[in-house]
Amino acid sequence: MKSEPDTFSIDDLYNRPERTEPWDGVRNYQARNMMRDSMKLGDWVFFYHSNCSEPGIVGIMEVIKEGYPDITAFDPDDKHFDPKSDLNQPRWYRVDVRYIRHLSRTISLKELKDKTELADLALVKRGNRLSIMPISQWQWDFILALA
DNA sequence: GCCAACGTTGGC
DNA sequence: GCCAACGTTGGC
């Protein structure tokens, strides 16, 4: 899962009550589908810092609540308000995540791109702007071993 | 700040 | 259903 550290960093997550945060404001259907359908209680997730001086994976968090309607879509004062999201048929979903730990160092995007073993990782594929992407167990283990 | 690579919108 | 225009993402 990506986040811009200027907006919400892994340190921000660490400092939240219960070190927990609803991952709201996502307004992309593919990312929505993953939160609504694929991410399961207890799943571990890499926290990725995007749009910053050193983009890369910085830590690990855990899904502590599976997909449920993102109520920020119903709030006209919210930055991510979507008038087309119906209360009875919500368009957007979110999951809750909890901080697990920082990695011992940032695994930079550059380093991930340089590993031929990770050629199939969605994150390093050209033009991929999705803020939530799948990862295989094998890829997960490989990346963790780099830290 | 630039710009490539998207995703969305809306006229037709 | 097509596609041009527009907005956003995010690396660099």
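In what follows, chains are A, B, ... by sequence order, proteins preceding strands, each numbered from 1.
Annotation: side chain to side chain donor-acceptor pair (under 3.5 Å) contacts involving residues 46-62 of chain A, sequence neighbours excluded, comprise Glu4(A)-Asn51(A). Residues in residues 115-141 of chain A take part in these ring-ring contact (aromatic ring centres under 6.0 Å, His included) pairs, two or more places apart or across chains: Phe46(A)-Trp140(A), Trp138(A)-Phe142(A). Residue pairs satisfying the side chain to side chain donor-acceptor pair (under 3.5 Å) criterion with at least one member in residues 113-124 of chain A, sequence neighbours excluded, are listed as follows: Lys110(A)-Asp114(A). Judged as a ring-ring contact (aromatic ring centres under 6.0 Å, His included), the pairs with a partner in residues 8-29 of chain A (not counting sequence neighbours) are, in order, Tyr14(A)-Tyr99(A), Trp23(A)-Phe47(A), Tyr29(A)-Trp92(A).
Taking for each of Arg91(A) and Asn51(A) the nucleotide of DNA chain B with the nearest heavy atom, the 5'-most of the two is the partner of Asn51(A).
Chain A approaches DNA chain B over the interval dA5(B) to dT9(B), counting the first and last nucleotide 5' to 3' with an atom under 4.0 Å from its heavy atoms.
Within 4.0 Å (heavy atoms only), Lys84(A) reaches sugar-phosphate atoms of the nucleic acid but no base atom. Within the 4.0 angstrom heavy-atom criterion, only backbone atoms of the sugar-phosphate kind lie near Lys113(A); the bases stay farther away. Within 4.0 Å of Glu4(A), counting heavy atoms only, lies no atom of the nucleic acid at all.
Members clustered with Tyr68(A): none, using a 4.5 Å side-chain heavy-atom cutoff among hydrophobic residues.
Side-chain heavy atoms closer than 4.5 Å link hydrophobic residues (I, L, V, M, F, W, Y) into clusters, and following such links, possibly through other members, connects Ile100(A) to Val97(A).
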